[in-house]
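Here is the structure we will look at, set down as structure tokens.
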Amino acid sequence: MTATTTSKAPPKSVSALASRVLSFPNFGPIAVILITIIIFSSESDRFLTGGNFSLIVQQVMVVGTLAIGQTLIILTAGIDLSNGAVMALGNIAITKLAVNSGLPPLLAIVLGLALTAAFGLVNGSLVSMVKLPPFIVTLGTYGVAFALTHIYSGEQTISGLPSMLTFFDKTFPLGSTDITYGSVAMLVLFAVAWYVLRQTSAGRHIYAVGNNPEAARLSGIDTRRVLLGVYTVAGLIYGLAALLLIARTGVGDPNAGQTDNLDSITAVVLGGTSLFGGRGSVIGTLLGALIVGIIRNGLQLMGVSSIYQTLITGILVIAAVTVDQFNRRRQQR
């Protein structure tokens with residue numbers, strides 16, 4: 001009679017556990033946020049307060065909203081350099097139509113959103129039908145939008161806005177903290193974008209086009225229609241960002257949004273969305289926008305010069321792109 005021995009399965013190795021943790025969606029951005037919170041809360045008593053976190057969200061709501069549209073475009077392996085300028089044009093169009101032209105505020109908003117969506121439609125048409133590179137197309141429309149903004153505004157800031165245009169700057173109490181309606185609007189837009197990307201066929205088509213446009217076309221996806229829709233919807237989102245900007249500043253400013261195109265790309269990249277398309281999420285983009293907001297806010301509370309904010313953000317962007325490139329090469333092996 002032979003004795004049988006039962007061997008227990010070996011426990012998971014530390015390396016396997018670490019691999020699972022590192023592969024958790026958005027692990028990198030979440031880790032960065034936690035680390036920065038720990039650092040800044042130890043340096044400033046004002047950082048870890050509800051009012052300060054509300055302020056951070058308010059400070060990133062415009063760029064965060066722009067970054068939603070940027071995410072949709074980057075997921076298709078494109079990029080949009082014009083979004084900040086298009087937002088500024090929508091900003092001026094809405095405020096000038098409502099104040100100088102005497103149109104009802106709601107009609108001014110609708111026309112402003114239509115204008116920014118039209119810019120998205122132009123971008124999408126040139127990319128999907130004429131087959132021009134997104135970088136070149138949006139660089140060109142950036143110049144057009146920038147020039148039209150300054151021509152139409154006459155280099156003048158528009159003030160005396162009707163209350164409807166500044167609605168999103170109003171607040172409501174959440175415990176002891178005041179939250180702006182604009183912050184809620186941004187989070188709602190992120191939730192809608194997440195649902196569309198993850199739970200609808202349109203979202204799956206966006207990922208498919210970004211991952212392999214030829215394979216997507218052969219599988220029956222109308223890639224031109226997808227690209228046209230993505231750029232147009234992104235343009236509409238830029239109009240909504242313009243509305244949040246108006247509420248945030250209380251004026252129509254032709255000089256607004258001059259670097260927001262780069263800030264939106266920064267948020268997308270820090271959130272883990274691949275610049276090569278087909279991989280990423282808007283939740284990561286939200287985390288990326290918060291990373292930038294937390295770093296800037298924390299350094300301001302510490303009295304650090306703003307140039308170091310730019311320095312640290314630039315280093316983080318390079319690190320994020322390096323990690324993305326490394327992961328892409330590893331997957332191709």
Side-chain angles (χ1 to χ4, degrees), residues 23 25-26 65-83 86 113-114 116-142 188-241 261 264-265 267-269 271-286 288 320-321 324-325 327-333:
S23 63
N26 301 315
T65 302
L66 279 180
I68 296 174
Q70 189 74 262
T71 302
L72 298 178
I73 291 173
I74 290 179
L75 284 174
T76 65
I79 199 163
D80 192 349
L81 300 179
S82 70
N83 60 359
V86 170
L113 294 179
T116 59
F119 262 84
L121 179 62
V122 170
N123 284 338
S125 298
L126 293 174
V127 170
S128 64
M129 298 179 182
V130 188
K131 304 297 183 182
L132 297 179
F135 183 92
I136 300 301
V137 168
T138 58
L139 180 61
T141 51
Y142 164 84
V188 169
L189 287 172
F190 268 104
V192 171
W194 174 86
Y195 178 83
V196 170
L197 286 173
R198 292 298 182 182
Q199 304 296 326
T200 69
S201 59
R204 290 188 287 272
H205 290 173
I206 290 172
Y207 280 100
V209 169
N211 188 51
N212 191 326
E214 183 61 20
R217 185 185 67 80
L218 293 175
S219 67
I221 297 174
D222 189 340
T223 55
R224 291 192 301 179
R225 183 177 178 181
V226 171
L227 289 173
L228 195 62
V230 163
Y231 279 88
T232 304
V233 170
L236 179 62
I237 293 172
Y238 303 155
L240 296 174
N261 56 347
S264 68
I265 296 171
V268 175
V269 171
T273 295
S274 173
L275 289 173
F276 300 99
R279 188 173 71 251
S281 71
V282 290
I283 300 302
T285 296
L286 174 59
V321 174
D324 176 50
Q325 182 78 315
N327 289 335
R328 181 179 174 84
R329 289 177 180 175
R330 186 177 60 179
Q331 291 174 358
Q332 290 177 343
R333 291 175 182 173

What donor-acceptor contacts under 3.5 angstrom involve side-chain atoms of residues 199-208, with partners at least two apart or in another chain?
unit_1	atom_1	unit_2	atom_2	d
Thr200	OG1	Val196	O	2.4
Thr200	OG1	Gly203	N	3.2
Tyr207	OH	Gly280	O	2.5

Which pair of non-hydrogen atoms, one from [X] and one from [Y], has the smallest distance, and what is that distance?
X: Thr141; Y: Phe119; value: O-CE2, 4.0 Å
X: Thr116; Y: Leu113; value: OG1-O, 3.0 Å
X: Ala216; Y: Ser219; value: O-OG, 2.7 Å

Are [X] and [Y] close enough that some pair of their side-chain heavy atoms sits under 4.5 Å apart?
X: Ile73; Y: Pro134; result: no
X: Thr71; Y: Leu75; result: yes
X: Leu66; Y: Asn261; result: no
X: Thr138; Y: Tyr142; result: no

Spatial distance of atom [atom1] ([X]) from atom [atom2] ([Y]) [nearest 0.5 Å]:
X: Phe135; Y: Leu81; atom1: CZ; atom2: CG; result: 5.0 Å
X: Leu189; Y: Thr65; atom1: CG; atom2: OG1; result: 5.5 Å
X: Ile79; Y: Ile265; atom1: CD1; atom2: CD1; result: 4.0 Å

> Of all residues at least two apart in sequence or in a different chain, which pass the salt bridge (charged side-chain N to carboxylate O under 4.0 Å, His left out) check with Arg217?
Replying inline: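 Salt bridge (charged side-chain N to carboxylate O under 4.0 Å, His left out) list for Arg217, sorted by chain: Glu214.
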>> Among residues at least two apart in sequence or on other chains, which ones pass side-chain contact (heavy atoms from CB on, under 4.5 Å) with Ala67?
In response: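 Here the qualifying residues are Ser264, Ala267, Val268, Thr285.
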Could you pull out every donor-acceptor pair under 3.5 Å between side chains of residues 225-239 and any protein atom, sequence neighbours left out?
unit_1	atom_1	unit_2	atom_2	d
Thr232	OG1	Leu228	O	2.7
Tyr238	OH	Asp80	OD2	2.8

Which side-chain N or O atoms in residues 124-132 pair as donor and acceptor under 3.5 Å with protein atoms at least two apart or in another chain?
unit_1	atom_1	unit_2	atom_2	d
Ser125	OG	Leu121	O	2.8
Ser128	OG	Gly124	O	2.6
Lys131	NZ	Ser128	O	3.2

